[in-house]
Amino acid sequence: MEEKKLEQWFLKITDYADRLLADIEKLNGWPEPVKIMQRNWIGKSKGLEVDFKIKEAEAQRWYLGHKSLRVFTTRPDTIFGVTYMVLAPEHPLVQEFTRGTKYEQPVRAYLEKVKHRTMHEREESAGKDGVFTGIYAVNPANGQEIPIWVSDYVLLEYGTGAVMAVPAHDQRDFEFAEFNDLPVKIVIRPRDFESKFLSLKEAFPDEGIMVQSVQFDGQTSSEANQNIGDWLVEKGVARWKTNFRLRDWLISRQRYWGAPIPIVYCDICGAVAVEEKDLPVLLPRDVKFTGKGTSPLSYSQKFIEAVCPKCKGKAWRETDTMDTFICSSWYYLRYCDSKNSKAPFDREKANAWMPVDQYIGGIEHAILHLLYSRFFTKVLFDEGLVSSDEPFTNLLTQGMVVKDGAKMSKSKGNVVDPDHIIEKYGADTARMFILFASPPERELEWSDTAIEGAYRFLNRIWRIIHDKSKQQTSRIKTHPNQQNQTTKKLHQTIKAVSEDLEKFSFNTAIARLMELSNELSKADGLDHETLNTFLIMLSPFAPHIAEELWHELRNKDSICKQKWPKFDPVLIVEDELEIPVQVNGKHRDTIKVSAAAAEEDIKKTAQESEKIKKFISGSEIVKIIYVPKRMVNIVIK
RNA sequence: GCCGAAGUGGCGGAACUGGCAGACGCGCACGACUCAAAAUCGUGAGCCUUCACGGGCGUGUGGGUUCAAUUCCCACCUUCGGCACCA
């Protein structure tokens with residue numbers, strides 16, 4: 001691998017950071033963990049930007065005295081505890097501070113070392129090493145002079161690329177100070193700690209009482225955070241600021257497959273956007289895939305040569321293509337109007353469908369895809385192209401498929417080819433197993449033997465339909481009790497499966513269907529209505545076999561056009577209840593009572609049970625708790 | 001390190017709002033059918049104890065609230081996922 005400096009295109013998603021964060025509130029149909037991940041990713045933090053003046057160290061470098069070093073901090077309350085400052089290695093002032101001084105060489109050597117550090121080495125060093133620049137800054141709070149260091153524990157990309165270090169109250173600063181023998185000054189002490197402590201074993205980042213901070217001594221650190229901040233703002237050396245962790249979205253990719261970036265470069269006009277009438281820019285067909293550094297598009301003469309939309313002079317097309325996340329950020333809008341050749345989508349048609357009522361995707365898209373889609377929707381909303389500013393009302397995040405304890409992936413080589421499963425058992429079995437094995441939002445543990453179970457279940461249904469449908473109604477009349485039992489189970493199943501589907505609880509819905517099929521296989525004969533209803537409930541899970549059996553029962557039309565069955569509330573009622581009886585919370589017996597029985601009668605029956613008598617005889621009954629239709633608990637002393 | 005999710009039989013998993021823990025399936029054992037096997041059907045089982053009836057224990061660990069806790073509260077352990085010097 002090689003690092004290269006490239007000039008690339010970004011989308012300014014940071015302009016939407018605040019709205020993307022605030023509108024997470026609106027996403028009531030989204031799982032909480034996804035919302036938390038998005039909040040963390042956006043990473044809003046309120047703080048103070050403070051300017052530290054540079055000390056005029058040497059006469060010939062007088063100009064440095066006019067510079068100041070800007071830092072971002074969320075802890076203005078610790079400013080009296082600053083004992084040094086740190087710049088990111090890439091910070092422009094690093095070069096300026098050291099040019100022509102005796103510090104130039106060691107600093108350059110450090111920068112070189114850091115540049116080639118791998119991720120692993122960075123972790124190893126844990127931000128403990130760094131070098132002094134020879135320059136001092138002045139703490140605007142107390143005029144104290146403090147040394148300015150360089151270290152790669154400070155990131156150029158976040159905040160201002162420079163930090164004020166407070167080793168007493170920040171663990172990273174503490175470790176750095178220990179390693180490099182820099183002073184530690186305590187300015188906050190714990191509430192429950194009376195004497196000032198002399199030394200620390202680790203930083204104290206928590207809330208406490210202010211010390212060694214002049215007029216702020218005695219305040220709580222959270223009070224002082226506001227007060228010191230305001231004080232510095234008043235002095236004109238600081239301003240309140242909000243920073244985001246979210247970066248702008250780099251969309252340039254040096255690959256073929258992706259939408260071309262619609263920009264041309266003109267020697268006179270610079271980078272110019274392709275005019276709307278010439279959109280979309282299509283990918284060229286005459287490309288070579290060389291596997292070398294630049295985008296394959298750069299080898300297509302026809303593609304590269306263009307006319308500048310502004311001056312009509314000669315121009316060159318951008319040869320990078322867009323990140324494929326661009327396309328996945330609005331495809332659902334295109335789905336609303338997929339045949340449109342005039343525009344990406346028609347406003348009215350999109351508004352008729354949007355926002356998406358139920359979106360289902362893997363948990364791996366919790367952040368990027370879902371955040372980018374929200375961003376796109378907000379931009380389009382602002383442009384008046386869609387009427388909703390959030391794309392997905394309800395979100396279900398599927399778990400991943402796991403095999404042998406690891407997530408299934410090509411790189412791990414533990415994939416199961418669905419074609420083999422389908423060839424051996426059929427698509428219905430494959431689907432049945434996947435839905436039955438675990439709830440959709442959880443991981444799915446792949447199991448070859450469990451597939452056999454799904455296959456067996458479908459075979460059993462096949463036999464039930466073939467065997468039971470032949471024996472017709474005459475026998476049923478002789479067994480009215482059994483018929484009632486089957487009908488009751490059928491209607492209970494309709495209720496349960498309907499509710500489970502509503503909750504996306506497919507595994508329990510299938511379990512209910514299995515229970516019903518067990519019941520059906522015990523019956524001597526079954527009417528077509530029962531079997532038809534059963535098949536309709538089966539059809540979402542095993543559409544092929546359901547359709548096939550539907551026609552074997554001489555039904556017309558397709559099963560997927562049938563109405564979902566409704567249960568009869570009268571038929572599902574049990575007329576006899578089994579009530580567990582506890583003594584002091586321990587299950588001792590189960591009694592059978594009529595569903596219509598009064599509370600007093602049930603309590604009486606419970607006490608009359610032989611088993612219960614054994615436990616309660618000779619003891620005083622303190623009270624009897626009856627939870628309607630659920631249980632009786634006799635409390636004795 | 002921070003944030004999040006989860007921990008239930010041999011296994012995948014159920015359990016509404018605090019009310020019979022283990023639905024349903026896999027695997028296992030035994031039986032039926034068969035010359036035999038496969039397929040199919042039936043029966044059984046959380047663990048310990050008892051010839052048995054029964055009893056005790058049991059939802060990661062330790063406490064707590066309650067007549068009653070897988071479910072609520074506190075502390076901790078483990079696994080998985082996300083972020084990772086974000087000042």
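Computation of the quantities below employed the complete heavy-atom set of this structure, encompassing side-chain atoms and omitting hydrogens, waters and symmetry-equivalent molecules. Per chain, numbering begins at 1; letters A, B, ... match sequence-line order.
- A:E445 has its CD atom 13 Å from the P atom of B:U8, to the nearest Å.
- The separation between A:E90 atom CD and B:C85 atom C1' is 13 Å, rounded to whole Å.
- Within the 4.0 angstrom heavy-atom criterion, no nucleotide atom of any strand lies near A:F433.
- For A:K586 and B:C57, the shortest distance from a side-chain N or O to OP1 or OP2 is below 4.0 Å.
- Comparing the same atom, C1', in B:A6 and in B:G60 gives a spacing of 11 Å after rounding to whole Å.
- To the nearest angstrom, P of B:C85 lies 14 Å from CG of A:L156.
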Would you tabulate the nitrogen or oxygen pairs shorter than 3.5 Å linking the protein to nucleotides 41-46 of chain B?
residue, atom, partner, partner atom, Å
B:C41, OP1, A:R463, NH2, 3.4

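- Backbone-only contact: A:G453 has heavy atoms under 4.0 Å from sugar-phosphate atoms and none from a base.
- Contacts of residues 73-82 of chain A with RNA chain B (heavy atom under 4.0 Å): A:T73, A:T74.
- Counting only residues at least two apart or in different chains, salt bridge (charged side-chain N to carboxylate O under 4.0 Å, His left out) contacts with residues 426-437 of chain A are absent.
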Enumerate, atom names and distances included, each donor-acceptor pair closer than 3.5 Å involving a side-chain atom of residues 456-465 of chain A, sequence neighbours excluded.
residue, atom, partner, partner atom, Å
A:N459, ND2, A:Y455, O, 3.2

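- Counting any heavy atom pair closer than 4.0 Å across all strands shown, A:R247 reaches a base atom.
- Contact annotation for A:D173: no contact, since no heavy-atom pair falls under 4.0 Å across all strands.
- With hydrogens and angles left out, the side-chain atoms of A:R374 and A:Q38 include a donor and acceptor closer than 3.5 Å.
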Table of protein N/O atoms under 3.5 Å from nucleotides 66-70 of chain B N/O atoms:
residue, atom, partner, partner atom, Å
B:C67, O2', A:N633, ND2, 3.4
B:C67, O2, A:N633, ND2, 2.5

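- Within 6.0 Å of the CD atom in A:E608, the count of heavy atoms belonging to other residues, nucleotides or ligands exceeds 12.
- Here the nucleotide nearest the side chain of A:R630, chosen from B:G19, B:G55, B:G4, is B:G19.
- Put simply, CZ on A:F244 is 13 Å from P on B:A87, counting in whole angstrom units.
- Counting only residues at least two apart or in different chains, side-chain hydrogen bond (donor to acceptor under 3.5 Å, both in side chains) contacts with residues 71-83 of chain A comprise A:R75-A:D77.
- Atom CD of A:E175 and atom P of B:G1 are 12 Å apart (whole Å).
- What you find for A:N225 and A:P76 is that their closest heavy atoms are OD1-CD, 2.7 Å.
- On the C1' atoms, B:C20 is 14 Å away from B:U70, given to the nearest whole Å.
- Under a cut-off of 6.0 angstrom, the local environment of NZ in A:K611 is sparse, with at most 12 non-hydrogen atoms contributed by other residues, nucleotides or ligands.
- Listed nucleotides: B:G54, B:G25, B:A21. Nearest to the side chain of A:H587: B:A21.
- Of the P atoms belonging to B:G31 and B:A21, the separation is 33 Å, rounded to the nearest Å.
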Quiz item: Run the salt bridge (Lys or Arg N to Asp or Glu O under 4.0 Å) check on A:K12 and A:D248 step by step: do they pass?
Solution: CA-CA 5 Å; A:K12 210 160 184 223; A:D248 277 327; 5.7 Å; no
Please list each protein N or O that sits under 3.5 Å from an N or O in nucleotides 81-83 of chain B, with the distance.
residue, atom, partner, partner atom, Å
B:C83, O3', A:R245, NH1, 3.2
B:C83, O2', A:R245, NH1, 3.4

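- As rounded to whole Å, 15 Å separates atom C1' of B:A23 from atom CD of A:E578.
- Residues A:E175 and A:Y153 bring no donor and acceptor atom of their side chains to less than 3.5 Å of each other.
- Listed by residue number, the members of residues 505-516 of chain A with any heavy atom below 4.0 angstrom from RNA chain B are A:N507, A:T508, A:A511, A:R512, A:M514, A:E515.
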Quiz item: If the sugar-phosphate is the primed atoms plus P, OP1 and OP2 and the base is the rest, what is the B/S/- string for nucleotides 71-78 of chain B, using protein heavy atoms under 4.0 Å?
Solution: --------
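- A:Y153 places its OH atom 13 Å from the P atom of B:C85, with the value rounded to the nearest Å.
- Not a single donor-acceptor pair under 3.5 Å links the side chain of A:K592 to the backbone N or O of A:E576.
- Exactly one residue among A:W41, A:F325, A:Y16 makes a ring pair (Phe, Tyr, Trp, His ring centres under 6.0 Å) with A:Y372. That residue is A:F325.
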Practice problem: Under the side chain to side chain contact (heavy atoms under 4.5 Å, CB included) rule, what do A:F176 and A:S151 come out as? Steps first, then yes or no, please. | Solution: CA-CA 9 Å; A:F176 189 82; A:S151 173; 3.6 Å; yes
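- Taking the C1' atoms as reference points, B:G81 lies 26 Å from B:C74, given to the whole Å.
- Look at the P atom in both B:G4 and B:C73: the space between them is 14 Å, to the nearest Å.
- With P as the reference atom, B:U49 and B:A32 are 30 Å apart, rounded to whole Å.
- Partners of A:K604 by salt bridge (charged side-chain N to carboxylate O under 4.0 Å, His left out), not counting sequence neighbours: none found.
- Atom C1' of nucleotide B:C3 and atom CD1 of A:I42 are separated by 15 Å, given to the nearest angstrom.
- A:E574 meets the salt bridge (charged side-chain N to carboxylate O under 4.0 Å, His left out) test with A:K488; sequence neighbours excluded.
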Quiz prompt | Bracket notation of RNA chain B in which parentheses pair within the strand, [ ] cross earlier pairs, and | pairs with another strand (Watson-Crick or G-U, under 3.5 Å) | solution = (((((((..(((......[....))).(((((.......))))).((((....))))..(((((..]....))))))))))))....
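- In textbook terms, a nucleotide whose glycosidic angle is within 90° of 0 is syn, while B:G25, being further out, is anti.
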